[in-house]
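This report concerns only the one structure given below.
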Number of protein chains: 2
Amino acid sequence: MRDVAVRAGVSTMTVSRVLNEPGKVSEEMRERVLTAVREIGYLPNHLAGSLSSNRSTTIGLIVPSIDNSIYTQTIKGLSEVLKRSGFQLMIAESGYDPNEEEELITVFLSHRVGGLVLHSTEHTPQAIEKIRKSGIPVVENGNIPKEPLDMVVSYSNRDASYAMTMHLGRLGYRKIAFASLYSVHNDRSQDRLKGYLAALKQLGLEPDSRMVLETGRGLAAGAEVVARVIQSVPEVDALFCAGEVLAVGALFECQRRGWSVPRRIALASFDDVNLLRHVSPSITSLRLPRYDIGERTARILLSRIIDGADHLRGSVVDLKFEVIQREST
Amino acid sequence: MRDVAVRAGVSTMTVSRVLNEPGKVSEEMRERVLTAVREIGYLPNHLAGSLSSNRSTTIGLIVPSIDNSIYTQTIKGLSEVLKRSGFQLMIAESGYDPNEEEELITVFLSHRVGGLVLHSTEHTPQAIEKIRKSGIPVVENGNIPKEPLDMVVSYSNRDASYAMTMHLGRLGYRKIAFASLYSVHNDRSQDRLKGYLAALKQLGLEPDSRMVLETGRGLAAGAEVVARVIQSVPEVDALFCAGEVLAVGALFECQRRGWSVPRRIALASFDDVNLLRHVSPSITSLRLPRYDIGERTARILLSRIIDGADHLRGSVVDLKFEVIQREST
DNA sequence: CCCGATTTTGATATCGGTAACAACAGAATT
DNA sequence: AATTCTGTTGTTACCGATATCAAAATCGGG
């Protein structure tokens, strides 16, 4: 920058102004500086800028695993909005482990990110403490927690699960099984289960522990769930999978066994990925606002950071979801 | 840091040493400093550190689109290795556009990233110029270009495509169609086409432009490709889709039409995602080392950055792929 | 017990910018 | 014409760390 200043015959301050607040500089200076910048091929050092101004244009994002199509939509929403304002995304994976998450939060804080986006809503006490102390704005994304850290942009896993279960009930299914990922350390799974149970109650159906299944990730897990539930409750007439991979795995298993879906058993899924629309039968599912979550998250963070919109502190945005009825129910 | 130094009754230099080169500090000082750090809850300012040491622990990654399962595997490989060395990943999407890529490269350079990972192997002249000038190590990932920017960790799209086409030929298929994404501005697609054509020649088969199709992204595009090729060349007996989404879309379309795969038409795919193993019939595909690419890329970058391994400059790592024979051929 | 070698610690400049305020010029006000 | 205001540019200090080299402490050998 010094070089540019010398070449343009001005002070570094003027150069800095041309680059950041062009309005405050006279036409002539602006031109001189800009040509000097071009001639030298000068690239501002963003580190120095952030350090000196105590402002950062990077946002830290922690997802359980990048390797999951549902996060990528949110990431896309985030990154598209952030990019427009010249913000950058730092992404890390916690591997579904709160301790790992804490570690990453520490790293991000020491990088002095301007804001933090967390998919998980379960954090270690130390992580919470550090975030509080840092004072930077945070958005939680994966669920609507009872005690938000700061801001929340999400849909309600409980409500969504409730809605789908009610949908199945209204269609006349009476033996509705529910499959989810392991719910320990995963309040998303827990809330989905709660929604399911609440709906059963509303429908006047008896909950049956044999029809509440937990399993791991992957298509094979979906297949396994089908096998398990049929084994213990042969009269089951619907299976609600709280995860699109499970649902597809379940469908494939049904096809393998030659069962008609939905005649022998109906299938419903969480999270409306493209695939569900194209398998046959197409699978009834919940359209969740994955992309919108990213977009809104970015917007609300930027408001806080750029405009200092302190009234947004602690705000909770509950985005809508939708039940998509298809051939599988 | 000043606070920590005062509290421990030492200079800031000693604090810095305790944190970065503990070996060079006496036992006593180390303890005093560490307790002070703990008591104050001090978090080093990484920006300041990078600025002053002129070393950076962030790596910039540019992918065409995050929203694509094949990149996420590579990202996972990258991030896992980098994390172990305390490096961070900055990720951005170029949207398959070289100009956008150039823009992002500029941003990353001004963030003074320690290294750059580019999926695309096509860049604007200005982008190349800027990277050269910056002197930071770069790895290209998506293909093995004729003129690498610096280092390359990839598999050969041409070779992989050749191998699969030969495989189909050896199985006895004679009317092998080839479908890929639009190849303008996409040398991966171009190379895949070259491999296909080279294999046809080797097999003594006539290339037929009606059996070389280009299309967009998505399952629907796969379906459309099937319709198109059958229409113009009814006697086609195999379809090689250079993309797993296309292949799955094609399979679904065949199922919808009630065609037996592989009897009516055989299907083969690029990129062995999990789904291909679980559909029925399972789809023959190419297992590409997506995760390994990320891992190796990270390793080679770290060698350059940390160990200053200059002999690695310009090295090209050609990772192996594998043809996975399944039911669809 | 002293001296040079080695290790440990500290003082200072610096990395590349921006904040805050001072200085100055020309325009507007009276 | 003197005074105040407004807008533009420059000066200086500082952001929070590390590099560099000097100073002090420790050590071993003669």
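Since we're looking at a predicted model, the values are computed, not measured. Lettering of chains follows the sequences in order, A, B, ..., and the numbering in each one begins at 1.
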Using a 4.5 Å cut-off on heavy atoms from C-beta on, say whether the side chain of [Y] contacts that of [X].
| X | Y | answer |
| --- | --- | --- |
| B:P137 | B:I305 | yes |
| B:Q88 | B:H46 | no |
| B:L89 | B:V117 | no |

Roughly, in whole Å, what's the span from [atom1] in [X] to [atom2] in [N]?
| X | N | atom1 | atom2 | value |
| --- | --- | --- | --- | --- |
| A:R2 | D:dT11 | CZ | C1' | 11 Å |
| B:M1 | D:dA17 | CE | C1' | 6 Å |
| A:R112 | D:dG16 | CZ | C1' | 9 Å |

Quick check for you: name the first and last nucleotides of DNA chain C, 5' to 3', having an atom under 4.0 Å from a heavy atom of chain B. C:dT8 to C:dG16
Using a cut-off of strictly less than 4.0 Å between a heavy atom of the residue and any atom of DNA chain D, enumerate the qualifying residues of residues 9-35 of chain A by number.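 Within this stretch, A:V10, A:S11, A:M13, A:T14, A:R17, A:V25, A:S26, A:M29 sit under 4.0 Å of the strand.
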Can you sort out which residues in residues 49-59 of chain A have a heavy atom within less than 4.0 Å of DNA chain D? Ascending by number, please. A:L51, A:S52
Degree of bending in the helix from C:dC1-D:dG30 to C:dT30-D:dA1 once both end axes are built from five pairs, to 10°: 40°
Would you list the pairs meeting salt bridge (Lys or Arg N to Asp or Glu O under 4.0 Å) in which at least one residue belongs to residues 83-98 of chain A, sequence neighbours left out?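 Pairs touching residues 83-98 of chain A that pass the test: A:K83-B:E100, A:E93-B:K76.
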Please determine whether the number of non-hydrogen atoms from other residues, nucleotides or ligands lying under 6.0 Å from atom CD of A:E103 exceeds 12.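 No - once you tally the heavy atoms of other residues, nucleotides and ligands closer than 6.0 Å, there are 12 at most.
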For A:D307, what residues pass the side-chain hydrogen bond (donor to acceptor under 3.5 Å, both in side chains) criterion, not counting sequence neighbours?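 Scan of A:D307 (side-chain hydrogen bond (donor to acceptor under 3.5 Å, both in side chains), adjacent residues dropped) gives none.
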Which residues pass the salt bridge (Lys or Arg N to Asp or Glu O under 4.0 Å) test with [X], sequence neighbours left out?
| X | value |
| --- | --- |
| A:R32 | A:E28 |
| B:R30 | B:E27 |
| B:E295 | B:R299 |
| B:R304 | B:D150 |

Report all side-chain donor-acceptor pairs from residues 2-9 of chain A shorter than 3.5 Å, counting only partners two or more places apart or in another chain.
from : atom 1 : to    : atom 2 : distance (Å)
A:R7 : NE     : A:E39 : OE1    : 2.6
A:R7 : NH2    : A:E39 : OE1    : 3.0

Among residues two or more places apart or on two chains, list those pairs meeting ring pair (Phe, Tyr, Trp, His ring centres under 6.0 Å) that have a residue in residues 56-79 of chain A. A:Y71-A:H119
With respect to B:M151, which candidate in B:V316, B:L301, B:V317 satisfies the side-chain contact (heavy atoms from CB on, under 4.5 Å) definition?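 The passing option is B:L301.
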